[in-house]
Visitor: 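Once you've had a glance at the structure underneath, I'll fire off some questions.
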Amino acid sequence: MNSKINHNVIFQELGVLDYQSAWDYQEKLLKSNIDIKINNRQLQPEDTTETENHLLFVEHPHVYTLGKSGHEENMLANNDMLKEIDATYVKTNRGGDITYHGYGQIVGYPVLDLENFYTDIHRYMRELEEIIIRTIAEYGLKGERSPGETGVWLDVGKPYARKICAMGVKASRWVTIHGFALNVNTDLRYFEYIIPCGIKDKQVTSLKRELEREVDMEEVKLKIKKHFQEVFQTEWI
């Protein structure tokens, strides 16, 4: 465990940024924390340095990403089709299968040292889900967990069950990268080119589709930040 516990979180709004650049930035923050941890091992407790916690918000141009345990056959578009719809395809090192990121979607990347909070990845995933469940509840939607499947869903157990928020993470030495993608005003037609998360019999939805109106992205971000702060008991810096 760290000698010095840091519950503060540095928030950054990255705006619209391509997937690879955002991934590279997360890896840079991850490496910085791991370097601190390795160095701290050589020091007396009173001389150690705190690791940092970050929450990044970003919106990606059209991109399909495949998790390390994913199946390429769930990508239904070939290279020509990807060019036609102005999308890219990236194999990544997060958990989970294939998903889509694009405009109108809030992607959150928490780069947290879980040793500042708790060392439990399962709990971490449930708490990320809890943040989104609380957020969409403010819009009158009942978000749920689906047994054996990550993310946040509506109408679990019914024929029209649908996912509103996808999740996939990776942790190294208890430092997390990747995170969640909440469909706000997302163009859901882009999900037609994949089998989302490798699940054939369930649909994808968005706040816009459920509420039948455009939703203020900045308003949703503020709600996510509020619930993130509540769930992780953090302070923003």
Side-chain angles (χ1 to χ4, degrees), residues 19 22-23 26 30 54-58 60 63-75 89-102 105-112 114 117-137 139 141-172 174-184 186 188 190-191 194-207 209-210 220 223-224 227-228 230-232:
Y19 184 84
W23 184 10
Q26 293 175 76
L30 169 74
H54 297 261
L55 175 62
L56 314 175
F57 276 173
V58 65
H60 292 307
V63 61
Y64 297 98
T65 68
L66 183 71
K68 63 181 185 295
S69 57
H71 300 278
E72 287 201 65
E73 60 267 27
N74 292 324
M75 178 72 216
Y89 175 50
V90 179
K91 293 180 182 178
T92 182
N93 62 351
R94 61 163 171 78
D97 206 285
I98 198 163
T99 196
Y100 160 76
H101 298 307
Q105 183 185 70
I106 297 172
V107 178
Y109 293 133
V111 183
L112 306 181
L114 290 183
F117 301 93
Y118 47 74
T119 49
D120 185 334
I121 291 293
H122 179 80
R123 177 179 170 184
Y124 173 64
M125 296 300 295
R126 303 295 78 77
E127 293 201 340
L128 289 185
E129 291 164 351
E130 181 64 24
I131 290 162
I132 301 303
I133 288 169
R134 293 186 189 186
T135 298
I136 67 174
Y139 294 92
L141 299 176
K142 185 185 178 187
E144 300 177 283
R145 297 175 178 87
S146 181
E149 298 164 340
T150 60
V152 177
W153 302 75
L154 304 179
D155 291 311
V156 170
K158 298 178 181 177
Y160 43 90
R162 53 216 183 275
K163 179 180 271 194
I164 196 166
C165 183
M167 295 186 180
V169 304
K170 173 177 169 41
S172 298
W174 294 111
V175 181
T176 67
I177 57 171
H178 303 298
F180 61 85
L182 175 62
N183 296 325
V184 181
T186 317
L188 299 176
Y190 276 82
F191 285 97
I194 60 173
I195 300 172
C197 304
I199 302 167
K200 295 182 180 180
D201 59 343
K202 292 180 182 172
Q203 302 302 309
V204 177
T205 191
S206 65
L207 282 174
R209 173 174 283 183
E210 297 299 322
V220 181
K223 294 181 188 301
I224 293 173
H227 295 300
F228 188 99
E230 291 170 353
V231 169
F232 283 100

Visitor: Any idea how Y190 and Y100 line up, ring-wise: parallel (<30°), tilted (30 to 60°), or perpendicular (>60°)?
Guide: parallel
Visitor: To the closest 0.5 Å, what do you measure between CD (E130) and CD (E230)?
Guide: 9.5 Å
Visitor: In the structure I gave you, are the side-chain heavy atoms of T99 and R94 within less than 4.5 Å of one another anywhere?
Guide: yes
Visitor: Give me the atom names and distance for the closest heavy-atom approach of V220 to L182.
Guide: CG1-CD2, 3.8 Å
Visitor: Would you please test Y19 and T92 for side-chain hydrogen bond (donor to acceptor under 3.5 Å, both in side chains) and show each step?
Guide: CA-CA 10 Å; Y19 184 84; T92 182; 3.2 Å; yes
Visitor: Give the intermediate values and the outcome of side chain to side chain contact (heavy atoms under 4.5 Å, CB included) for residues L66 and N74.
Guide: CA-CA 9 Å; L66 183 71; N74 292 324; 5.7 Å; no
Visitor: Can you tell if the side chain of V152 reaches within under 4.5 Å of the side chain of F180, non-hydrogen atoms only?
Guide: no
Visitor: Would you call the rings of F117 and F232 parallel, tilted or perpendicular, taking 30° and 60° as the class edges?
Guide: perpendicular
Visitor: Which heavy atom of L56 sits nearest to which heavy atom of V111, and what is that distance?
Guide: CD1-CG2, 4.5 Å
Visitor: Check whether NZ of the Lys or CZ of the Arg K163 lies under 6.0 Å from the centre of the six-membered ring of F191 and within 45 degrees of that ring's axis.
Guide: no
Visitor: Do you know the tightest heavy-atom contact between F57 and G108?
Guide: CD2-CA, 4.0 Å
Visitor: Under the criterion side chain to side chain contact (heavy atoms under 4.5 Å, CB included), I'd like the reasoning laid out for M167 against I132: C-alpha separation, chi angles, the key distance, then a yes or no.
Guide: CA-CA 11 Å; M167 295 186 180; I132 301 303; 3.9 Å; yes
Visitor: Please check: side-chain N/O of T176 versus main-chain N/O of L112, any donor-acceptor pairing under 3.5 Å?
Guide: yes
Visitor: Taking N183 as the fixed residue, which of H101, Q105, R209 is the one that meets the side chain to side chain donor-acceptor pair (under 3.5 Å) rule?
Guide: Q105
Visitor: Just verifying a value: how many Å separate I133 CD1 and L128 CG, rounded to the nearest 0.5 Å?
Guide: 11.0 Å
Visitor: Can you measure from CD1 (I131) to NZ (K223) and round to the nearest 0.5 angstrom?
Guide: 15.0 Å
Visitor: Quick one: does any side-chain atom of R134 pair with a main-chain N or O of V231 as donor and acceptor, under 3.5 Å?
Guide: no
Visitor: Return the minimal non-hydrogen interatomic distance between V169 and M125, and the atom names on each side.
Guide: CG2-SD, 3.4 Å
Visitor: Considering residues, nucleotides and ligands other than K142, do more than 12 of their heavy atoms fall under 6.0 Å from its NZ?
Guide: no
Visitor: Can you see which heavy atom on A181 is nearest to which on V107, and at what distance?
Guide: CB-CG2, 4.2 Å
Visitor: Over all heavy atoms of both residues, which pair between S69 and G96 is shortest? Give the atoms and the distance, please.
Guide: OG-O, 3.6 Å
Visitor: Output, in order, the C-alpha distance, side-chain angles, deciding distance and verdict of side chain to side chain contact (heavy atoms under 4.5 Å, CB included) for E210 and I136.
Guide: CA-CA 10 Å; E210 297 299 322; I136 67 174; over 6 Å; no
Visitor: Could you please spell out the steps behind the side chain to side chain contact (heavy atoms under 4.5 Å, CB included) verdict for T205 and Q203?
Guide: CA-CA 7 Å; T205 191; Q203 302 302 309; over 6 Å; no
Visitor: Give, for atom CG of D97 and atom CD1 of I194, the distance between the pair rounded to the nearest 0.5 Å.
Guide: 8.5 Å
Visitor: Taking side chain as C-beta onward, heavy atoms only, is W23 less than 4.5 Å from I177?
Guide: yes
Visitor: Just by distance, do the side chain of D155 and the backbone of R162 share a donor-acceptor pair under 3.5 Å?
Guide: no
Visitor: Measuring from F228:CZ to L55:CG, what's the distance to the nearest 0.5 Å?
Guide: 5.0 Å
Visitor: Ignoring hydrogens and angles, tell me if any N or O in the side chain of Q26 forms a donor-acceptor pair with the backbone of H178 under 3.5 Å.
Guide: yes
Visitor: Sub-3.5 Å donor-acceptor pair from the side chain of R145 to the main-chain atoms of G148, do we have one?
Guide: no
